[in-house]
Structures are given as structure tokens and as C-alpha cells.
Amino acid sequence: MEDHRERLLRKDSIWIETGREGQELDAGSATGKSLGVFTSGGDSQGMNSAVRAVVRMGSFLGCKVYYIKEGYQGMVDGGDHIAEASWASSSGIMQKGGTVIGSARCADFRQRAGRLKAAKNLIDKNITNLVVIGGDGSLTGANLFRQEWNSLLDELKATDRITDEQRKNCSHINIVGMVGSIDNDFCGTDMTIGTDSALHRIIESVDSISTTASSHQRAFVLEVMGRHCGYLALVAALATEADWVLIPECPPDHGWEKTLCKKLSAEREMGLRLNIVIIAEGAIDIDGNPITANMVKDLITNELKYDTRVTVLGHVQRGGKPTAFDRILGARMGAEAVLALMDAKPDTPACVVSLDGNQTVRVPLMECVERTKSVQEAMNKKNFQEAVKLRGKSFQNNLATYLRLSKLRPPKVMCDPTGQVCSSGKKLAVMNIGAPACGANAAVRSFVRFALTKGYTVLGIHDSFDGLLYGDMTQIVDPVKPIGWTDVHGWTSQGGSLLGTKKCTAARYGLDKVAEKLKEHDISGLLIIGGFEAYHSALQMAEARSKYDAFCIPMVVIPCTISNNVPGTDFSLGADTALNEIADVSNNVPGTDFSLGADRALNEIADVSNNVPGTDFSLGADTALNEIADVSNNVPGTEFSLGADTALNEIVDGRLQKGEDKALTKYSISVIESNNPTGTKRRVFIVEVMGGYCGYLATMAGLAGGADAAYIYEDPFNITNLRDDVVHLKNKIIQLGVQRGLILRNENANANYTTDFIHQMFSEEGKGSFTCRKNVLGHMQQGGVPSPFDRNYGTKMASKAVDYMITKVEENTTEDGKMKSCTKRFCKELRGITDFEKRLPKQQWWLALVRPLLRIMTKHSNETYRADAILSKVDFEDDDNA
């Protein structure tokens, strides 16, 4: 792998140094060093994952790692507040919200006397490296501490509170920070730890409120956190189709009250039964005056006479379990923070570990803090355009996208609301191909509305090529028809594919037939939303342009598959939701990092079956029924959501399976016997996840859930590896007292080492140490409600698709209205990076960056580790796989 350590990038005036994630590491290479980790300021979900990663990466490198409990206050107080961490002590914490090592505001540390005490306590433990997890205030305090360090040591030495040897050994201190903040208000990183989880809390609340609001035709004003930053409110509004959003960086113009009322009234006239207004707690008007939720409520009530309620989410946004994204982000940042400390020299400035795209990077701490402060300074000066610019391109794009999508209707000069009469006279089409995945509907909504604002009609093609070619023979009325502005209202929050989808490529239907239909409908551009079949179909049509003029149109694919196996992209729509679906059923049992849960429901029935004589109800039976009901809502294309009787009947008659996956017949989504609340039973779970031949889902779920191993096709394994993992689990359970183990296996990891084989082997070899349970997650991974990431990502990808398509249409349209001949310049390149047999990209970013970290986080032995997770083909004829 290329060494990027010396490469610096310029990004929005902040220097970025690429981290060491994925590079070769040797166990014990930092033996003799000590480091401390603490959380400070407001808590956020994902902090525990970061703490765990610091402990385990530090332990792997040979460092002595200390918890500094209760933040700066614990550092000042010393004593038991500074405790040595161990591999076992960091087990079972990453799925918990908040911070298990505590956080506290500390007035003492603001004074030099307090910092002097803190320095003495650190020197007593020989701690010269600090990992700080907190907001910009906590990071600024740490940098001041570093700057004063030598003078603090001189003062301690002058008063004989430390020895000459201590003064020499602790002559400098290095600081690395991670931003833990739900507001995502720190400049220099794409996402802060906790933001994604907070967005989940907000969007879950809005989705829930929407049902009751619609029932009573109410308006709701929802206040979310964000005293100085409107990120949460803005992205939540974008992901929930809120009617109005108020944020401090972009205050409304004078007369906004009338504009708001006019819009809400017009929506009611169009037949909408509810209105949602989202307001950040720091919202202001153009003159800098505060706008409160109650002010908005009174405005709507008095002017429109709508029944209006206020909901203030408050600290609910900070609470609850972290999402898969925050667990992974915390783990990656925590590990990189330790590596940054080990690389630091005495004069190395303090840095912050940040996220840039899909890479962890290091950025100068104080430069980022100063830029963050400059945002507030710009708002104080009422220079709101500058404030939005300083927030970064992502914030700007989110704001521009929301403003365009939230309009009441397309501009009259461009298109009528039905989408049938548009100024350009041209038609774009959208269709889904492949298995359903969350985020597809958000992309369709965005594509339709952006195209209409540009004056282009959008044809919705239902049921993929079936609807395009054989619409007259299906039960669908008008399978290819224009989609209007209001037709896609409410689509963002819907899972599955409302257009309908099929898993089949264009060539199987006949390229000549497809071309004929595209020409018949006079389609000038085609958007395909889907997985590998969508990508393959677009490639087939592009390569056939020399034969069929109908394919000489701009064609765009938005990758949408939980497998994340589409070449040319780092992320696919649906993958984030799938990871969260796995995590959502994972937190029901103590004593494990990843206690997946629906076989738990079946065990509830067996163990707490409501069969005790003399009572109508037994404790636990209601929980079991709810477990089944919760899981059942995640299967795409089913209304299987009405409690236990329906659940049991569905399982018996197998209506959900359709012959595609044996997972649902077993109905084992994950497992734990909750009649064992103290976690005394030692058990290992073998869990199979989807993904085809792509191990993305297994690897990321493993990192998010603390799995002991994740077997995937791209990283070959053999019987020796399986045996070593059995030994590892025995040591972990017997010697360290950890009660649970988790093994993940991608569904096509190996033709011979099947899930059944691994389960049987671990069951046999683990006798006397642990018992095993096997679970197949199945199609529940494709279902559920789209995550904030997938909603937002799908929305913005579709926006880019519209801009690209229209640009190409206008560039390539001749005077007589025909399209110019199109080239195939990208086809050869795309084929070159694709393994069509296994339906995989030949290079996948997460293999080298994330997979090595998964092993380090779970292997507590002192073995030398090499970053060997690189893409390689498995030869099923070799000795290990025969």
C-alpha cells in the first residue's frame, strides 16, 4: 500500500494529513509507553466505541492504557479516577450510549492550580499521551494544557513534588482529539461522533409524530438541539420532508411569517393532512432575534387556526444506543488516535482525528477550533452567507437541496404539477432494478422534483423491465407514466421500492426489445436505481449503442444494494440501513458487544411460554410477542406486523420465503436467551449475513458489533483459521470471563466452510467451554425504515444525476431534436474493474482500511499482525478449500 504519511492535502483552507489506517502494524511496537483516554463535555453516542478502540489498539501496540474517569475533573482529582484499562474491561461497552467512563464540567481545570494538580496526577502514572474525546471547548483546554506542560513541570519540580527522573521521563505531552458532539458543529471533519445517532432519534420521532398528526390533521413544531449549529435540524428536515426548517446559519427573510402560513395553507388545500416544522434551538431571524418553537406554534394557531403542538426532543437526542455508523466511526477514530500519538514527536502540534470521505485523517486542532469559532463570529456580524460557507460544502449542499425540494410546486414556467406538460418537451425516465434496498424511494422523489424544476417530464417505469416491455400484460395500470410533484410526497421515509423492482439484466430481456420501448416512449435520459444488475444493465446498454440509437442517451446508475458491491462507488444506498437493522436487534442481552436478538424471541417462547398454571399472563411473554412483532416489520413487501398469532402463522405457512432464502423459514434473526439476564451462560453465536460474495456487510457489522471474526469471500480462510478462532474464544471466555462470542459469516464466504459446518465445528470443539447457536438473518436486512444516511445520500445522488443528465442532453441534442452519437469510452474502464462472475469490484476500499482493524479490536493475544486483507480470488480447487 502507498505510504501517505507525508502527503498533505489542502481542503477548504485546513491542512489534512492522511492517517495510518490499514498500514502494517506490529504488536508490541510501542511497549513502554503510557496513554490516557477521557471524555469531556456533553456526551454523545459512539464515545464508548472510541474508548474501546483506544484501549485495544493501545494494548495491541504494547502501551499501558488508563481510563481517566469523569473527564478533566477526574484528571484533577486523581486517585481512583485514573485507573488502568484492560482488554476485558473494554468489553461490552460499544453498544451503550453515553460514556461509561463519565464526563463532567470542571471549573478547577480552568485555573492553573487545577491544571497543576492534573499534571502531577498524570506524571505519577507516567502518562505522556492523552486522547481527548469531546467538543471544541474540551479540545481547546487540552491544547492549553500541552502548551503549559513544561512550565507546570518546572513548578512541580521547584516545589519538590516530582523528581528529576520524572521531570526527564515526562518532559513533553502529546495530545490527540476526537470530536464527540451530536451537533456536527466542528470544522475539519465530515461527521462528528454521535451526530448520526442523534439524527436517528430525531427522525424516529418525526416519523412517529407524523402518524398522529395526520390522524388529527395537526401541525407539529419540533425543536431539536443546535444552539449554534443547524446541522441536525437541516438534515432532519431533508430526511423527513419537513415543510419548513429554521436554523441559525440561514435565518428567514422579513415577512417569513406570512410566507410560512401561505405555504402551510396551500398544502392543506392540496389534500395534505399534516404539517411539520423543524426548528433548531438556536434559530434566529434576519435581525438576530430568537425564534422559538412556541412563537411558531402561536403563529400557526392564530393565523391558520390549525391544531398545533410543540414537541421539544431535548436530551432524548443524546440518549439511546449508538447507530452502526457511530460505532464504526468511533472505532476507526479511536484506533487512529492511538497511532497518531505513537507517531508524535515532542514538538508535534496537537491534532484531531477526523473523517474525510471514507478515510480517517489528522487535522491541526487549533486551526479547526479557530475556524469553528469563525462561524459564530460571522453569524454575530449577520454575515450568514459566510457562515454557511464556513460550515463546509456538505452543509451548503444540504441547504441548497432542501430549499429546492421543499417548494410547494415546480415553477409554472417550467412544468405543471402533474409533470405532463413541461417546457423542455423532453422526457427522463427512472426505474429500479435488483433486490429492494432502503433509500431508493428517496432518490426517486428527489429525481422527479429536481427534473420538474428544470422543465423535464419524468416517466416512472414500474416493475423494472417487466413494466417497460410487458406492461399491457401486467396488472399495473400505466406501468410507464409521468410522475407528478405531489405523487412522490412522503416517499423519503418509505423502505423497499414503490416503483417495484426485479432482479434481471437488460440483456436477458433482449436489448433490441428494450431499445424499441425506450424509443417508443421517446426517453431522452434514463436513471437506474439498483444493485449489481442495475450497473450491469447500464453497461450492456451502453456497449450496444453502436447497434441501437435508443441507447445513445445519458444513463446514470445510483447504486442501491445492501451488499455494497457495485463497482465505481464507495457506498451504496441501503447498506447503512442494513447495518442498523442488524444492530437494532443486537442490544438485548448483557455481557456481549453484539448480542443479536430474534432467536431470542423464539427462546422467549420456549422459556417463558406463558404456561404457568394459575395465571393468565407470565412475565416475559409480552416481551417475546413484541420481539416477533418488531422483527416482522423489517421484511420487505409484507404487512406481517400484527403480533404473535400472525407471526406464528406466517412462520408455519412460509408465505414470506418465496423460495429465495431459507433464513425466514428458520426465522432466526439473532439470538440470545434472555431468561439469563446476568449473562451466566457462555455462548457463541454463528450468524450468517447477506451480501452475495461481497463481505462489506459482514465486516462492517463485525466492527460495529465487536465480532470475534467475520468470514468473507475476499479474505480467504481455512481450517487452521477456524481452529485458531475456537482457541481464541476459549481463552476469551474462560480466562477473561467474557460470556459471549460472535462469529459472522458472509453467505458466500466459502462453498465448503458453510454456516452449518462452522456451527458444528465450534459446537464440538467448544464443548466444556461454550455452547453454540446458529442464526441466519435473511431478508430482514433489506427491510425496515431508511436510515438518515440513506435518505440524505439518495436525495443528493439523484440531484447530481439530474444535473448530469440535463447537461448531457443539452450538449448532445442536434437542431432537429435528435441525440448525437454517444461514445463508449467508460465501458472498457468499467469492465476492467469488475468481477462479473462473483459480482464484485476488483478493488474495495474497506478491505485494506477497515478489515485489519476488526481483527485488532477482537484479538487480545500478543501475536504480530499484518494487514493482509487485500482483494484476492479464492481458488476452490486448492487444498484448504477442496
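These figures come from a predicted structure and were not determined experimentally.
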Go through it in stages, so that I can follow the logic: the residues are Thr360 and Arg332, the test is side chain to side chain donor-acceptor pair (under 3.5 Å), and I'd like the CA-CA distance, side-chain angles, deciding distance and then a yes or no. CA-CA 7 Å; Thr360 55; Arg332 295 178 67 191; 5.0 Å; no

Candidate pair Val361 and Glu17, rule side chain to side chain contact (heavy atoms under 4.5 Å, CB included), full reasoning: CA-CA 6 Å; Val361 296; Glu17 180 182 359; over 6 Å; no

Begin from the C-alpha positions of Phe145 and Met75 and carry the test side chain to side chain contact (heavy atoms under 4.5 Å, CB included) through to its verdict. CA-CA 12 Å; Phe145 192 45; Met75 193 184 301; 3.9 Å; yes

Which is it for Cys368 and Phe186 under the side chain to side chain contact (heavy atoms under 4.5 Å, CB included) test, yes or no, and what are the steps along the way? CA-CA 7 Å; Cys368 294; Phe186 191 81; 3.4 Å; yes

Starting from the C-alpha separation in whole Å, work towards a yes-or-no answer on side chain to side chain contact (heavy atoms under 4.5 Å, CB included) for Val352 and Met178. CA-CA 6 Å; Val352 175; Met178 288 179 275; 5.9 Å; no

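Taking the side-chain contact (heavy atoms from CB on, under 4.5 Å) definition, one finds that Asp724 meets it with Thr720, sequence neighbours left out. Take Phe770 and apply the ring-ring contact (aromatic ring centres under 6.0 Å, His included) test, not counting sequence neighbours, and it matches no residue. Under the rule for a side-chain hydrogen bond (donor to acceptor under 3.5 Å, both in side chains), the partners of Asp708 that lie at least two apart in sequence or sit in another chain are His728, Lys732. Listed by chain and number, the residues in a side-chain contact (heavy atoms from CB on, under 4.5 Å) with His315 are Met225, Arg318 (sequence neighbours excluded).
The shortest side-chain heavy-atom distance between Ile175 and Asn143 does not fall under the 4.5 Å cut-off. Looking at heavy atoms from C-beta onward, Met857 lies in side-chain contact with Leu703 at the 4.5 angstrom threshold. Using a 4.5 Å heavy-atom threshold, the side chains of Leu130 and Leu35 count as separate. Within the 4.5 Å cutoff, side-chain heavy atoms of Ser90 are placed close to those of Tyr67. You'll find the side chain of Asn184 stays beyond 4.5 Å of the side chain of Cys229, heavy atoms only. With contacts defined as side-chain heavy-atom distances shorter than 4.5 Å, the pair Asn358/Trp846 does not qualify. Contact check for Asn48 versus Thr99: side-chain heavy atoms found under the 4.5 Å cut-off. Two residues are said to be in side-chain contact when any heavy atoms from C-beta on lie closer than 4.5 Å; Arg682 and Ser769 fail this criterion.
Ile68 CD1 to Thr39 OG1: the interatomic distance, rounded to the nearest 0.5 Å, is 10.0 Å. We find the CG-CG distance between Asp77 and Asp108 to be 7.0 Å, quoted to the nearest 0.5 Å. Between Ile133 atom CD1 and Met333 atom CE the span is 10.5 Å, to the nearest 0.5 Å. Distance check: Thr128 OG1 to Asn169 CG gives 9.0 Å after rounding to the nearest 0.5 Å. Annotation: the span from Glu370 atom CD to Asp136 atom CG amounts to 10.0 Å, rounded to 0.5 Å. The line from CE of Met366 to OG1 of Thr140 is 4.5 Å long, rounded to the nearest 0.5 Å.
For Val65 against Val54, the heavy-atom pair with the smallest separation is CG2-O, 4.3 Å. Between Ala142 and Val132 the shortest heavy-atom distance is CB-CG2, 3.7 Å. When every heavy atom of Cys187 is checked against every heavy atom of Leu390, the shortest pair comes out as SG-O, 3.5 Å. Considering every non-hydrogen atom in both Ala236 and Ile202, the closest pair reads CB-CG2, 3.6 Å. Considering all non-hydrogen atoms of both residues, Ser34 and Asn126 come closest at CB-O, 3.3 Å. When all heavy atoms of Ser171 and Leu153 are compared, the pair lying nearest together is CA-CD2, 4.0 Å.
The closest donor-acceptor contact from the side chain of Ser103 to the backbone of Gly41 lies under 3.5 Å. A donor-acceptor pair under 3.5 Å is formed between the side chain of Thr348 and the backbone N or O of Lys345. Judged by distance alone, the side chain of Thr189 and the main-chain N or O of Thr192 form no donor-acceptor pair under 3.5 Å. Within the 3.5 Å criterion, the main-chain N or O of Glu21 finds a donor-acceptor partner in the side chain of Glu336. Panel note: side chain Asp190, backbone Gly357; a donor-acceptor pair is recorded below 3.5 Å. In this structure a side-chain-to-backbone donor-acceptor pair under 3.5 Å is present from Gln317 to Gly314. Between the side chain of Thr195 and the main chain of Met191, no donor-acceptor pair closer than 3.5 Å is present. No donor-acceptor distance shorter than 3.5 angstrom exists from the side chain of Arg327 to the backbone of Lys321, with no hydrogens or angles considered. With hydrogens and angles disregarded, no donor-acceptor distance shorter than 3.5 Å links the side chain of Gln73 to the backbone of Cys106. Between the side chain of Gln376 and the backbone N or O of Lys373 there is no donor-acceptor pair closer than 3.5 Å.
Heavy-atom neighbours of Glu84 CD from other residues, nucleotides or ligands within 6.0 Å: above the threshold of 12. Shown here is Asp80, whose CG atom has no more than 12 heavy atoms of other residues, nucleotides or ligands within 6.0 Å. Atom CZ of Arg112 sits in a crowded spot, with more than 12 heavy atoms from other residues, nucleotides or ligands closer than 6.0 Å.
Under a 4.0 Å N-O distance rule, the pair Asp343/Arg362 qualifies as a salt bridge. A salt bridge links Glu148 and Arg115; the closest N-O separation between the charged side-chain nitrogens and carboxylate oxygens is under 4.0 Å.
Each salt bridge (charged side-chain N to carboxylate O under 4.0 Å, His left out) pair with one or both residues in residues 124-134, not counting sequence neighbours, appears once here: Lys120-Asp124. For residues 162-174, the set of pairs meeting the salt bridge (charged side-chain N to carboxylate O under 4.0 Å, His left out) definition, not counting sequence neighbours, comprises Asp154-Arg167, Lys157-Asp164.
Inspection of the Ser787 and Asn580 side chains reveals no N or O donor paired with an N or O acceptor under 3.5 Å.
For Phe38 and Tyr72, the ring centers are positioned less than 6.0 Å apart.
Stacking of Arg56 on the aromatic ring of Trp87 is recorded, both the 6.0 Å distance cut-off and the 45° axial limit being met.
Partner of Asp326 under the side-chain hydrogen bond (donor to acceptor under 3.5 Å, both in side chains) criterion, chosen from Ser49, Ser197, Ser44: Ser197.
Ring planes of Phe395 and Tyr231: tilted class, angle from 30 to 60°.
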